[in-house]
Amino acid sequence: MSILFRGGRVFTPKGVLTGSVLVRDGVIASVIAAGSAEGEPAPRADETVDLDGGLLVPGFTDAHIHPIQAGLERAKCDLSDNYGLDAYREKIADYAAKNLDKEWIDGGGWDMSAFSGGLPHREQIDFLDRPAYLIQRDHHAAWVNTRALERAGITRDTPDPADGRIERDADGTPTGVLHEGAMDLVGLLTPRPTAQDLQDALADAQRHLFSLGITGWQDAIVGSYAGSQDQLPAYLAAARSGTLRARVVGALWWDRTRGLEQVEELVARRAAAEGLDRFRATSVKIMQDGITENFTAATLEPYCLCGGTGLSYVDPALLREYVAELDRLGFQVHVHAIGERAVREALDAFEGTDPANRHHIAHLQIIEPSDVPRFAALGVTANLQPLWATHHAQMDELTLPYLGEPRSSWQYPFADLVAAGARLCAGSDWPVSDADPLQGMHVAVNRTEPGGSLHAGYPTAQTPFLPGQRMDLATAMSAYTAGSAWINRSPAGVIEPGRPADLVVLDRDPFELPPGEIWTTRVRMTFVDGEPVHES
C-alpha cells in the first residue's frame, strides 16, 4: 500500500519545503522537493492525498499529558468549557438533575480566576443533595461541599496533611477547598471507576488527540494520585488488544510519602509492559512542588504579601538519592517543577546522571537565570507547556502580585533556554489546559492568548507576556514533534525516509500566516503508520 502526499509544503528537519512525500507500507519512502526530479515522472502510488496548499507535518507528540484522567472527566461533570460561578452552578445543577442515580457529583475543570481570591466555597454548592468533589482545572485543588466534608469527617480540628492544606474560614472551619495532598481526604471516597470505565476513557481521549494531530504522548502520571485510579492496567489492556494506536510512554508515579522501597515495585511495573509495541513504562514521574496560585510552588524567596516559600514535596537530599537510583536502573526521570527552587533542586538531583536516560523537567514556570544554562550542561530536556505563558486572569490576578520582581520576569523563559542550547520538548498537561498543539505553538511564538481561547476576551489577553521570551515557529513545532518524540524514544516525529508515517495534514500553512493567526490552523487528517485515524 502506498500513498503520495502532494500539493503543499512539508515540515522537514531541513526546513519547510515545497514538495511531496511518498509512503510505502506505513513507512516514509521518500521526500521529494519540488524541482529536484525535473523530467522524471511523479512517483506512482495507490492513493494520493492532496494537501491543497496546506502543510504536511510529523504527528505531534505530547510530552506531558493525562489522557485517561481527561477521558474520565469528559464523562463526568465537566466544567472546562464554562467560566464563572453562575455558569459552574448551572452546569453542576444540570448534571445532578440528569444523573439522579449517582451517589456523588464528581468531575472538575473549574478555574481559580473565576473566584475572588482564587477560592470557591462549600456553601456555593451546598444546594446539592449529595456530596460533591470537583477538581480544579490544574488538578492541584478540589472544591467540595459540606456533605463531602462530613462524609470524610473533616472538621476544624482535622490537621493539614504534610503535603497539602485544608483551606479554612477565619474560625477554622474548612471552606471546602482542599489543596494538593489534602485532596485525597475526600477524593479517595468517591466512586472508583471500573476497568471498563478506564478503557473507555482512554479510547475517547485517543480519538480526541488524533483529531488534534497527536499520535504519541507521555502520560505524566501512571499511578494513583489525587483520588485517581491507577491507569497502568488500562494501558496494558489497550496495547495488548491493539486498540491503542498511538505511541505512548507511561511515567510511573513516584509516591512522595514513600522512599526507595518502592523502586522494586516500579521495576516490576516497567517489566509488565515489556514487549508491547505501543506502550512502555520506562519513565518515573516525581512531583517536586505545587503551583504558584496557591503558594505551594517552591520558591527561593518568600511570596509577596503572604510570605512562605512553598513546598518541596521530596526532601532535596533524598531527591538526589532517588534520582541516582532510578538513573542507575535505566529509568528516565520526569520531574514536575514550577517554582525556581524546585527547578534548582531537580537540576541538582540530575548532576552526575546519564544523559542517555533522557531526563526532563516539566512546566518550568520560574527559572532563576543562573540555572538556565544548566539544562544543556547536564543534558536535561526542558519540557514546556507554552499555552500558560500569557496574560490571563490567573496570571495577572493570582500570580504576578505574589511573585514580585525580578521573579515575575523569570517566567517561561523559552528564548533564554533556546539561546543556552537546551534541548526542548513540549506538551499540554491536558486536561489542565487545551491539548491542541497548534494553540500552544501560537503562544510560544506570540506570548498572547489564542483568539479562540476561553480567556481571549480578558483585557490584557493580546498584550504579549514577556515578549523577549518568544520563540520562532520552527523551533516550537520541532519541540512538539522531533523533541517530544525523542523524549519518548519514538521512531516517529520527523519526516524523512525510513521513519514511520505518523503524519498530519494541516488545513493551511502556519508558516505563511501572520504570527497572530497561527491559532486558526486546524488538522484535516491524521495518519499512524500510513493509515488514517482521523479525517475532519
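Scanning for side chain to side chain contact (heavy atoms under 4.5 Å, CB included) contacts around Ala148 gives Trp104, Pro131, Val144, Asn145, Val186, with sequence neighbours left out.
The closest side-chain heavy-atom distance from Leu466 to Arg447 is below 4.5 Å. Residues His534 and Met525 are not in side-chain contact: their nearest non-hydrogen atoms beyond the backbone lie 4.5 Å or more apart. The shortest distance between side-chain heavy atoms of Asp138 and Ile291 falls below 4.5 Å. Contact check for Ser312 versus Val314: no side-chain heavy atoms found under the 4.5 Å cut-off.
For the residue pair Arg508/Thr520, the side-chain donor-acceptor check at 3.5 Å is satisfied. Under the 3.5 Å distance criterion, with hydrogens and angles disregarded, a donor-acceptor pair is assigned to the side chains of Gln218 and Ser283. When only modelled atom types and interatomic distance are considered, Asp396 and Gln394 share no side-chain donor-acceptor pair under 3.5 Å.
With a 6.0 Å cutoff to the six-membered ring centre and a 45° limit on the axis angle, Arg151 does not count as a cation-pi contact of Tyr133. With Phe331 as the aromatic partner, Arg270 meets the cation-pi criteria of under 6.0 angstrom to the ring centre and within 45 degrees of the ring axis.
Ion pairing between Asp160 and Arg168 holds under the 4.0 Å rule for side-chain N and carboxylate O. Here Glu265 pairs with Arg258 in a salt bridge; the nearest charged N to carboxylate O distance falls below 4.0 Å.
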Checklist entry - Would His455 and Tyr83 satisfy ring pair (Phe, Tyr, Trp, His ring centres under 6.0 Å), going step by step from the backbone distance to the final call? => result CA-CA 9 Å; His455 296 297; Tyr83 187 76; 5.4 Å; yes

Checklist entry - Should Phe60 and Trp217 be marked as a side chain to side chain contact (heavy atoms under 4.5 Å, CB included) after you check the CA-CA gap, both sets of side-chain angles, and the distance that decides it? => result CA-CA 8 Å; Phe60 303 122; Trp217 63 78; over 6 Å; no

Checklist entry - Hey, mind stepping through His121 and Trp143 against ring pair (Phe, Tyr, Trp, His ring centres under 6.0 Å) and telling me if it holds? => result CA-CA 7 Å; His121 198 279; Trp143 178 20; 9.8 Å; no

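Here the closest heavy-atom approach between residue Arg122 and residue Asp169 is recorded as NH2-OD2, 3.9 Å.
Aromatic ring centroids of His64 and His66 lie under 6.0 Å apart.
Applying the salt bridge (Lys or Arg N to Asp or Glu O under 4.0 Å) test to pairs two or more places apart or on separate chains, those with a residue in residues 62-80 are Arg74-Asp204, Lys76-Asp106. Within the structure, ring-ring contact (aromatic ring centres under 6.0 Å, His included) pairs that include any residue of residues 382-411 comprise Phe295-Tyr402, His363-Trp388, His391-Phe465 (at least two apart or interchain).
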